[in-house]
Amino acid sequence: MRKIVSLLLGVALAAGMMTGCGSAAPASSAAPASSDSNAPAAPAASAAEEKGTIVVGYAQVGAESDWRTANTKSFQTTFVPENGYTLIFDDAQQKQENQIKAIRNFIAQEVDYIVLAPVVETGWETVLGEAKAAGIPVILSDRMIDVSDDTLYTCWVGGNFIKEGEDGVKWLNDYLKAQGRDNEDINVVMLQGTIGASAEIGRTEGVEKMLKENPHYKLLEKQTGEFTQTKGQEVMESFLKAYDDIDVVIAQNDNMAFGAIDAIKAVGKVPGKDVIIVSFDAVHAAFESMIAGDMNVSVECNPLHGPRVAEIIQKLEKGEAVEKIQYVDEKVYDQTNAEKELPNRLY
Ligand code: GZL
């Protein structure tokens with residue numbers, strides 16, 4: 001495959017040089033290609049990349065959050081020519097049809113591996129069947145897929161989303177007890193991520209399971225904020241108009257929490273005090289928000305999957321078996337440890 005890909009890449013490079021278009025820069029440094037139909041094809045490779053590198057096609061969800069940016073960076077700094085890789089990166093702008101197009105593009109280029117961060121869990125059987133027929137291993141990073149035939153993917157690396165949801169409410173239970181409010185009725189609203197994404201499904205399941213265990217909690221409403229700050233603020237504004245006694249916001253990622261915090265401040269309430277903010281991801285800006293006293297807690301979901309996936313590929317290259325399901329390590333950070341931990345954060 002590499003020989004064919006090198007030939008194809010060489011032809012693409014030659015064509016690019018002749019017409020003066022197309023980037024000869026290494027894919028790892030090129031601006032992310034998009035699989036939108038009118039977008040330019042995946043960037044041509046540099047001469048270095050023709051030297052029999054392992055070609056990895058990466059179908060990323062989009063660029064919707066700080067977490068996603070860190071996740072993308074982790075791949076773009078790992079899969080570089082000096083490490084023996086050619087990365088063909090695609091940003092699907094949170095559209096499944098774009099990810100499917102990108103996977104077909106990778107198959108046509110006969111890449112050695114496909115890495116997929118599936119925007120939602122369903123709708124993958126056909127295109128992953130095509131990858132399997134082409135003999136290209138598929139590694140899932142971040143979110144999971146719901147398929148009856150699990151030979152459609154080699155393995156999955158990501159966070160334990162149900163446990164993250166449970167840990168968020170466990171933190172809330174302890175916090176309310178410490179505040180002497182464990183016998184008070186507590187009104188909760190939830191900002192969900194993209195509906196149908198594993199992170200949304202798992203965190204919703206984990207949170208609701210724990211809320212149901214405590215009769216003092218009342219989940220007033222839940223609605224998707226699409227994992228974005230803008231939408232998170234919009235939905236929080238609607239919650240604040242509908243309810244004047246919200247005690248807790250559970251935001252399924254930090255960017256929606258940032259939007260919620262802005263909405264709470266805009267109505268003259270104090271986030272972190274009048275309204276408790278429970279969030280997920282634990283990105284750098286979340287630590288700054290906890291230090292400022294706005295966000296109360298962020299449950300970590302480690303995005304640095306690049307090195308882990310490279311380790312998996314190296315094992316596969318040697319014909320070694322790999323674990324089907326591989327969870328990343330994650331902890332809980334709040335206002336008591338945010339300042340101390342911030343200097344150690346890698347994203
Ligand atoms: C979690 C990931 C989620 C993050 C969001 O693994 O899928 O998507 O929590 C991101 O920030 O947009």
Side-chain angles (χ1 to χ4, degrees), residues 32 58-75 91-96 98-99 115-122 124 139-146 153 155-168 190-207 222 224-233 235 249-261 277-289 295 297-306 308-309 325-333 345-347:
Y58 178 34
Q60 177 59 295
V61 167
E64 74 282 0
S65 64
D66 293 23
W67 188 97
R68 188 65 55 199
T69 305
N71 181 245
T72 292
K73 189 165 170 241
S74 172
F75 279 87
D91 169 347
Q93 293 159 10
Q94 286 194 275
K95 296 190 187 87
Q96 181 173 32
N98 288 344
Q99 288 194 300
V115 178
L116 169 65
V119 59
V120 290
E121 292 201 346
T122 54
W124 300 102
I139 296 168
L140 300 179
S141 159
D142 173 18
R143 300 178 186 173
M144 182 44 102
I145 59 175
D146 178 8
Y153 63 96
C155 62
W156 168 86
V157 180
N160 186 333
F161 305 120
I162 295 175
K163 182 178 180 303
E164 290 170 9
E166 293 170 345
D167 287 350
M190 179 148 65
L191 296 168
Q192 293 174 284
T194 305
I195 299 298
S198 313
E200 178 276 311
I201 294 169
R203 289 170 189 162
T204 299
E205 183 182 329
V207 164
K222 61 184 177 183
T224 183
E226 294 294 346
F227 283 131
T228 68
Q229 185 162 339
T230 308
K231 188 85 173 133
Q233 179 167 348
V235 173
V249 178
I250 296 180
Q252 290 185 356
N253 85 328
D254 291 330
N255 291 82
M256 293 190 291
F258 302 148
I261 285 165
I277 312 291
V278 178
S279 186
F280 296 83
D281 281 354
V283 298
H284 195 275
F287 281 78
E288 291 167 338
S289 180
M295 185 183 286
V297 61
S298 189
V299 179
E300 182 180 34
C301 176
N302 190 325
L304 307 180
H305 298 172
R308 192 69 170 278
V309 172
I325 300 293
Q326 303 190 29
Y327 289 116
V328 291
D329 299 332
E330 34 205 24
K331 299 184 179 68
V332 178
Y333 298 96
R345 300 299 294 166
L346 297 176
Y347 67 95

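Residue numbers start at 1 and run along the sequence shown. Whatever order the structure lists them in is the order used to number ligands and atoms, beginning at 1. Basis for what follows: all heavy atoms, side chains included, without hydrogens, waters or symmetry-related copies.
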_Going by side-chain hydrogen bond (donor to acceptor under 3.5 Å, both in side chains), name the residues that satisfy it together with Asp66, two or more places apart in sequence or in a different chain._
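Expected list: Asn255.
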*Any ion pair linking Glu200 and Lys222 (charged N to carboxylate O, less than 4.0 Å)?*
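Answer for the salt bridge query: no.
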_Partner residues of Ile201 under the side chain to side chain contact (heavy atoms under 4.5 Å, CB included) criterion, sequence neighbours left out_ =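 Side chain to side chain contact (heavy atoms under 4.5 Å, CB included) check on Ile201 returns Glu121.
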*Just jot down the side chain to side chain contact (heavy atoms under 4.5 Å, CB included) partners of Leu304, sequence neighbours excluded, or say none.*
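If we apply the side chain to side chain contact (heavy atoms under 4.5 Å, CB included) test to Leu304, skipping adjacent residues, the hits are Ser74, Asn302, Leu346, Tyr347.
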*So, Asn71 versus Gln60: side-chain donor-acceptor pair below 3.5 Å or not?*
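There is such a pair (donor and acceptor under 3.5 Å, judged by atom type) between the side chains of Asn71 and Gln60.
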*How close do Ala286 and Asp254 get, heavy atom to heavy atom, and via which atoms?*
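Taking Ala286 first and Asp254 second, the nearest heavy atoms are CB-OD2, 3.3 Å.
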*Under a 4.0 Å heavy-atom cut-off, what residues line ligand 1?*
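Residues Glu64, Ser65, Trp67, Arg68, Asp142, Arg143, Phe161, Ala199, Arg203, Phe227, Asn253, Asp281, Cys301 each place a heavy atom under 4.0 Å from ligand 1, listed by chain and number.
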